[in-house]
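Taking it in order: structure first as structure tokens, then the write-up.
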Number of protein chains: 2
Amino acid sequence: MSKVRDNGNPAVRSLPCTQCPLRRRKTFRDFEADELDFVGRFKKGDLAIKKGATVLVEGAHNPHLYTVLSGWAFRYKLLDDGRRQIVNFAMPGDLIGLQGSLMGEMQHSVEALSPMVLCVFEKAELFSLYERFPALAYDLTWMASREECMLDENLLTVGRRTALEKVAYLLVFLLERAQQSGLTGKRTLSITQQHVADTLGISVVHTNKTIAKLAKRGLIAWEDGGCRIVNPEALAELAGWSAGSSVKRPFL
Amino acid sequence: MSKVRDNGNPAVRSLPCTQCPLRRRKTFRDFEADELDFVGRFKKGDLAIKKGATVLVEGAHNPHLYTVLSGWAFRYKLLDDGRRQIVNFAMPGDLIGLQGSLMGEMQHSVEALSPMVLCVFEKAELFSLYERFPALAYDLTWMASREECMLDENLLTVGRRTALEKVAYLLVFLLERAQQSGLTGKRTLSITQQHVADTLGISVVHTNKTIAKLAKRGLIAWEDGGCRIVNPEALAELAGWSAGSSVKRPFL
DNA sequence: CGAGCACTTGAAAGGGGTCAAGATGTGTGG
DNA sequence: CCACACATCTTGACCCCTTTCAAGTGCTCG
């Protein structure tokens, strides 16, 4: 039932929800006893994903719904001629595939940026969650709304911010989320300039030059296939970043 | 309790849900008897909005949740220096303010593009909907997911489509939604070029020139403060538009 | 009848795209 | 262990799509 392969992550062997590491993080709302019990049975097992693997493809009908336990991924859409737009990222505690669960066919693809472990749930049992645990159902809607919020902000970034502001914004956004979700404790993001470009709607070349500019100002440093944020405050300032809410957030 | 002023719309006087015109449209899923009864009591009244009025402002804590009964509006965010990004539109059957209901503070503003009538619900009673009508709760999540889908597509448009494709895409997108929601039966959209520009992340001047190009090709015509779509198929082709699902959608 | 909004158009400037070529680094197969 | 393919990152040159600036035309409205 639970397929597990270790990809360099701490070994996880169909981790029971009672021992879920996310419950201990103070950014997340912990479960009530009966909820924990239900979610534990709702969860069908773990799924290990290799870095670079495609988790879900646009157009697919997948019977599962996932939650990120560790690692991260990006969601994207393609145009016929190959132009790619990264739409958002998924980090620990985030849902993957909810949209497909509700509306049938996936409207976007998901690819792992690092080795990941996902918790697997059964679409078909989703409605029973709504029937038996309204609070969890409410949480799901909450999570969907949070996603919507992030997309709004990303749209603002892609549509109206300058290249320099865009890169600054994205890096602060990702660092903030990575730290809150426990993806990393350090100030580094293991990401490619191509990903940055495809998220912000600009070319790789120009992304590179913009990054060089930020590096010259001492705000960031690009080192061995990733970014180190040297001065998050200055970046946030440049990006016109407004801190997100500090409310505890739910997860599944 | 119910404030109603007619703004040129068909007169509505705290319309009971039993007579809701949306129920008759075949694009919407109708209620079960008990659901209809509940929603009828959940609804606190109608609210008439004038064209150009602000329905909700970013940062506000509004105790209400709305549904569009007639007319339409746009959702937007602002940067400090006034740059504006329109993030999406709300048409009959769409929710307004769900994000604020769940997460507290509104993260965007909403402004009416025409006279509107909204159905007013009480945030505070939202959870009782989750407790008593899981199917409606499921619908709410469905609607949030649908919004997410549209935002994904808009992000793709703003980030990766060319100016010509952008305008073509937006017009097809709006026309399709307007017709499905019953906002209009005609092939016209009463919208400003400034709105188009702010939705697509381009300047008004360039928007104007792009529109002129589409007009010259005979795909659209801009007449007295609005757009008439002359050739929707050609526009869709140009935009790389893929038709949306034809599943009946829920509403509140 | 002036003020203001929405739409046009032209010209000039610039941000960002495309092309090209090169430097590194890394994983694969011979 | 080397060779080669491939991915990622850099840089420079050139060009064009968009922006910005400006000026002008209707139209509506107080």
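Each chain gets a letter, A, B and so on, in the order the sequences are listed, and its residues count up from 1.
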Walk me through it: do B:K166 and B:L170 pass the test side chain to side chain contact (heavy atoms under 4.5 Å, CB included)?
CA-CA 6 Å; B:K166 283 181 184 181; B:L170 179 61; over 6 Å; no
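- Judged by distance alone, the side chain of B:T192 and the main-chain N or O of B:Q194 form no donor-acceptor pair under 3.5 Å.
- Protein atom NZ of B:K213 is 15 Å distant from nucleotide atom P of C:dT8, rounded to whole Å.
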Stepwise side chain to side chain contact (heavy atoms under 4.5 Å, CB included) check, A:N88 with A:F173
CA-CA 11 Å; A:N88 203 0; A:F173 171 71; 3.8 Å; yes
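- Counting to the nearest Å, the C1' atom of D:dA7 and the CH2 atom of A:W222 are 14 Å from each other.
- Computed from coordinates, the A:D198 CG to D:dC9 P distance equals 12 Å when rounded to whole Å.
- The residue from B:T207, B:N208, B:T210 that alone fulfils the side-chain hydrogen bond (donor to acceptor under 3.5 Å, both in side chains) condition with B:Q193 is B:N208.
- Using modelled atom types, no side-chain atom of B:R160 and backbone atom of A:R83 make a donor-acceptor pair closer than 3.5 Å.
- Contacts between residues 200-209 of chain A and DNA chain D, defined by a heavy-atom separation under 4.0 Å, are made by A:V205, A:N208, A:K209.
- Ring orientation note: the planes of A:Y76 and A:F74 are tilted relative to one another, at an angle of 30° to 60°.
- Listed by first and then second residue, the salt bridge (Lys or Arg N to Asp or Glu O under 4.0 Å) pairs that reach into residues 199-219 of chain A come to none, sequence neighbours excluded.
- Looking at A:D152 and B:Q107, their side chains never bring a donor and an acceptor atom within 3.5 Å of each other.
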Might you work through the side chain to side chain contact (heavy atoms under 4.5 Å, CB included) test for B:E147 and B:D94, ending with a clear yes or no?
CA-CA 9 Å; B:E147 179 75 21; B:D94 292 335; 5.9 Å; no
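- Fit an axis to the five pairs at each end of the helix from C:dC1-D:dG30 to C:dG30-D:dC1 and the two axes sit 40° apart, to the nearest 10 degrees.
- Atoms CG and OG1, from B:L174 and B:T188 in turn, are 12.0 Å apart once rounded to the nearest 0.5 Å.
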Please write out each protein N/O paired with an N/O of nucleotides 21-27 of chain C under 3.5 Å, distance rounded to 0.1 Å.
none

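- One side chain, A:R161 or A:T157, offers a donor N or O that lies under 3.5 Å from an acceptor on the other.
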Report all interatomic pairs (protein N or O, nucleotide N or O of nucleotides 24-29 of chain D) with separations under 3.5 Å.
none

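- In this pair, A:W241 and A:Y169 present their aromatic rings tilted. The plane angle is within the 30 to 60° band.
- Other residues, nucleotides and ligands contribute more than 12 heavy atoms inside 6.0 Å of the CD atom of B:E105.
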Where do B:V68 and B:L183 land on the side chain to side chain contact (heavy atoms under 4.5 Å, CB included) test, with the steps shown first?
CA-CA 10 Å; B:V68 180; B:L183 179 65; over 6 Å; no
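- Here D:dT20 presents its P atom at 11 Å from CD of B:Q194, a figure rounded to the nearest Å.
- If you measure from atom NE2 of A:H195 to atom C1' of D:dT8, you get 11 Å, rounded to the nearest angstrom.
- By the 6.0 Å contact criterion, CG on A:D81 is enclosed, its count of non-hydrogen atoms from other residues, nucleotides or ligands being greater than 12.
- Atom CD1 of B:I211 and atom P of C:dA6 are 14 Å apart (whole Å).
- Of the side-chain N and O atoms in A:Q193, one or more sit less than 4.0 angstrom from OP1 or OP2 of D:dT10.
- Near DNA chain D, defined here as any heavy-atom distance below 4.0 Å, the residues from residues 157-175 of chain B are B:A163, listed numerically.
- Of the listed residues (B:Q85, B:E58, B:R75), just one forms a side-chain hydrogen bond (donor to acceptor under 3.5 Å, both in side chains) with B:H108, and that residue is B:R75.
- Rounded to whole Å, atom C1' of D:dT8 lies 11 Å from atom NZ of A:K51.
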